**Q** 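Can you keep this structure in mind? I'll have questions shortly.
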2 protein chains.
Amino acid sequence: MTASERVYASLRAAVLEGQFPPCQALKPQELATRHGVSLAVAREALLRLVGEGLADRLPKRGFAVPATGAERWQQIAEARSLMEPAALRLAVARGDLEWEAAVRASHHRLAGTPFFERPGDTWVSDAWAEAHRRFHRTLLEGCGNDVVLETFDRLWTAGELARRWSLAADPARDADAEHRAIEEAALAREADRAADLLCRHILHTAASLKS
Amino acid sequence: MTASERVYASLRAAVLEGQFPPCQALKPQELATRHGVSLAVAREALLRLVGEGLADRLPKRGFAVPATGAERWQQIAEARSLMEPAALRLAVARGDLEWEAAVRASHHRLAGTPFFERPGDTWVSDAWAEAHRRFHRTLLEGCGNDVVLETFDRLWTAGELARRWSLAADPARDADAEHRAIEEAALAREADRAADLLCRHILHTAASLKS
DNA sequence: AACCTACAGATAATCGATTATTTTCGGTAG
DNA sequence: CTACCGAAAATAATCGATTATCTGTAGGTT
């Protein structure tokens, strides 16, 4: 693995984990020193973050963690609520047996992954977050459109970042029941119901952060 | 303006203009020499292209123009046909007087821009392409959601690239009538009709390249 | 007291050269 | 004739240093 890969992965994880507050300057020199690499490598990693929307570039003034917050999170959720239900309709129309199997598998993994790392934790575990992402992505993979999936990935990543700097999630919410309902509707080939449930699920998640 | 800005803009224009065939290697050393800058600058420009999806990165094997074609163009059109009608509904519901004025203005500009640079040209003029983009973007701007607009920008750019390497457009098509119909429906606040017309417009454009 | 200006420190942008990896091209054995 | 191997060339990755630009502050002016 190249040095810039390592620095990039490390930085990306740190930003998504919320180790830097929004608008925090990301200084190439400091990052280079910390990781024991040269400036060029640190710059390259930062450029890649910018491409992914995980860093802002201020010309002549360096890089910074993007300013996010509840408002942007709402916009991301709304964008998802436009795209994903429509994509799910396509997936329901086109998905084959392999897709059905993948949906079942990813939901099973999600349902079997504990919400919290340890009882009393304030934030969901990385494992659950990843299983959650995989479930939602698998649902859409049936549409067979790579561009749609790239768009999903982008919005999901942006959402992960913005969510960190919004309020904590509503713990009382029974997300699993919603996931199960979406899965059943999709596999029953009920496009309208599946799309509607997914739309509500996305907006419901967003609403639980608004308060 | 910084050197990397210049190289980046120049490269971006060249790629979008189709000066490099798909899968053409983009060699940092060559670009640096050609533009009279150092390797680091050329690399930075390429990294930015990658972030925008206008270049592919093959680890340890450099950069290349993304492999595109009719198939990818169809996928992009389909992705747009999922997102944009839904966004237009929002815009119709939320757009204010300023939005209405902007829509009228951008359509007027589009209608007044000649399709071809000179009679007999094989491809539409840059001016028309830009006016076309502005019209479609303005339609969606009424939704007031920056994330949706970023997604639109991304898909449009990707479409510009892929379209170059697809077949030529159907010249007999009367695109202006479709644009006018969409504008009228949107300003009449007929969300369903506007969304339907936009969806057909996108898919129609895609279909005209399939043959 | 408020505002401009020059200086100093910090930091971004750029460069030229070095190192590591991949690809290519002969050459040789099977 | 084909397949494998190794040296040479090409090129990607990385480095350390230099130059240009910005930011904040101290000092002077209105």
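Quick note: numbers below take in every heavy atom, side chains included, and nothing from hydrogens, waters or symmetry partners. Quantities reported herein were computed from a predicted structural model and do not represent experimental measurements. Here is the naming used below: chain letters follow the sequence lines, and residue numbers restart at 1 for every chain.
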**Q** Say you draw a straight line from CD of Glu100(A) to CG of Leu97(A); how long is it, rounded to the nearest 0.5 Å?
**A** 5.5 Å
**Q** Decide, yes or no, whether a salt bridge links Arg48(A) with Glu5(A) under the criterion of side-chain N to carboxylate O below 4.0 Å.
**A** yes
**Q** On the 0 to 90° scale, with breaks at 30° and 60°, tag the His132(A)-His179(A) ring pair as parallel, tilted or perpendicular.
**A** tilted
**Q** Arg43(B) near the nucleic acid: base, sugar-phosphate alone, or nothing, with a heavy-atom cut-off under 4.0 Å?
**A** base
**Q** dT14(D), OP1 or OP2 - any side-chain N/O from Ser38(A) closer than 4.0 Å?
**A** no
**Q** Are the side chain of Arg12(A) and the backbone of Leu49(A) linked by a donor-acceptor contact shorter than 3.5 Å?
**A** no
**Q** Using whole Å, report how far CD of Glu44(A) lies from P of dT14(C).
**A** 16 Å
**Q** Could you state the CE-P distance from Met1(A) to dA20(C), rounded to the nearest angstrom?
**A** 19 Å
**Q** Looking only at side-chain atoms of Arg61(B), point me to the closest of dT22(C), dA17(C), dC15(C).
**A** dT22(C)
**Q** Among dA12(D), dC22(D), dA12(C), which nucleotide sits nearest the side chain of Pro28(A)?
**A** dA12(C)
**Q** Can you tell which of Glu78(B), Gln74(B), Arg72(B) makes a side-chain hydrogen bond (donor to acceptor under 3.5 Å, both in side chains) with Asn145(A)?
**A** Glu78(B)
**Q** Passes side-chain contact (heavy atoms from CB on, under 4.5 Å), Arg94(A) versus Trp99(A)? Steps please.
**A** CA-CA 9 Å; Arg94(A) 295 179 182 167; Trp99(A) 172 68; over 6 Å; no
**Q** In whole angstrom, what separates Lys27(B)'s NZ from dT22(C)'s C1'?
**A** 13 Å
**Q** Counting only non-hydrogen atoms, which of residues 52-60 of chain B are less than 4.0 Å from DNA chain D?
**A** Arg57(B), Lys60(B)
**Q** If you check every side-chain atom of Leu39(B), which of dA13(C), dC15(C), dA13(D) has the closest atom?
**A** dA13(D)
**Q** Provide, to the nearest angstrom, the distance between the CD atom belonging to Gln29(B) and the P atom belonging to dT22(C).
**A** 19 Å
